[in-house]
Amino acid sequence: MYTASDLRKGLKIEIDGDPYLVIDFQFAKPGKGQALYRTKLRNMLNGNQFERTFRSNDKFDKPDLAERNMQFLYSQGDEFHFMDLANYEQLAISAEQMGDSVNFLIDNMEVQVLLFNERPIGVTLPNFVNLTVIRADPWVKGDTSGSDTKPVTVETGHVLQVPPFIEEGEMIQIDTRTGSYMTRVKK
């Protein structure tokens, strides 16, 4: 069990049966009265964010969260199927719960699946993934006076801005936290 004084950025707490992630918090001590903890919380089940203030004597339960190493198998409709690498058990996660992670998933990729009360609620990807560019406009000599980036499409369908020298068929490294280009990968 946590108390309000345990609140920190990144802490996971349970309120009314739902898991919440503390995105931001501030401590305030008015001249008279109890100390206040102003927090910004994100519901880990539906992604809703809101601000809430707690008093120093408020208490919170620890959510029943667990992470398991799983391998992405395939997607079917709006569901993404994963296999536990320890016991070969399979489970499905909806596209809504996956969020922007679907932009970086490739077959056989190993990820961390977050479970709340044994129910999958999200995926943690590796910080960097290597994906092949499948569509890019050709770079013409003398094009440098325009912009210093151009849009490309990678094998998962994600569109991002890259430097103009990137061509179709090249492999690039992408930061999954921001969705941005990092570097060209040599084969």
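On a predicted model such as this, the values are computed, not experimentally measured, just so you know.
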To the closest 0.5 Å, what do you measure between [atom1] ([X]) and [atom2] ([Y])?
X      : Y      : atom1 : atom2 : value
Met44  : Gln97  : CE    : CD    : 11.5 Å
Thr39  : Ile23  : OG1   : CD1   : 9.5 Å
Ile13  : Leu41  : CD1   : CG    : 5.5 Å
Leu131 : Asn103 : CG    : CG    : 10.0 Å
Gln161 : Lys150 : CD    : NZ    : 10.5 Å
Leu45  : Asp18  : CG    : CG    : 5.0 Å

Do the side chains of Arg38 and Glu51 get close enough for a salt bridge, i.e. N-O under 4.0 angstrom?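 Answer for the salt bridge query: no.
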
Arg68 with Asp84: basic N within carboxylate O range, under 4.0 Å: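 Salt bridge between Arg68 and Asp84, a charged N being under 4.0 Å from a carboxylate O: yes.
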
For a salt bridge (Lys or Arg N to Asp or Glu O under 4.0 Å) check, start with the C-alpha distance between Glu168 and Arg135, then their side-chain angles and the critical distance, and finish with the verdict. CA-CA 6 Å; Glu168 281 185 19; Arg135 189 175 322 136; over 6 Å; no

So, is the end of the Arg42 side chain (NZ or CZ) under 6.0 Å from the ring centre of Phe50 and within 45° of the ring's axis?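 No, a cation-pi geometry is absent between Arg42 and Phe50.
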
Hey, are the side chains of Asp107 and Phe72 touching, using non-hydrogen atoms and a 4.5 Å cut-off?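 Heavy-atom side-chain distance check passes, below 4.5 Å.
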
Glu67 versus Val113: any side-chain heavy-atom pair under 4.5 Å?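 No, every pair of side-chain atoms sits at 4.5 Å or beyond.
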
Say whether Thr124 and Gln112, considering side chains only, have a donor N or O and an acceptor N or O under 3.5 Å apart.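 No, no side-chain donor-acceptor pair sits under 3.5 Å.
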
Are there more than 12 heavy atoms of other residues, nucleotides or ligands under 6.0 Å from atom CG of Asp61?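 Enclosed.
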
Would Tyr2 end up clustered with Tyr37 when hydrophobic side chains under 4.5 Å apart are linked, directly or stepwise?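 Shared cluster, yes.
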
To check you understand the geometry: which heavy-atom pair defines the closest contact between Ile172 and Val185, and what is its length?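 Nearest pair, atom of Ile172 first, then Val185: C-CG2, 3.9 Å.
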
Over all heavy atoms of both residues, which pair between Met171 and Asn130 is shortest? Give the atoms and the distance, please.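 In this case the closest contact between Met171 and Asn130 is SD-CB, 3.7 Å.
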
Indicate, with yes or no, if the rings of Phe80 and Tyr74 have centres closer together than 6.0 Å.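 Centroid distance Phe80-Tyr74: not below 6.0 Å, so no.
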
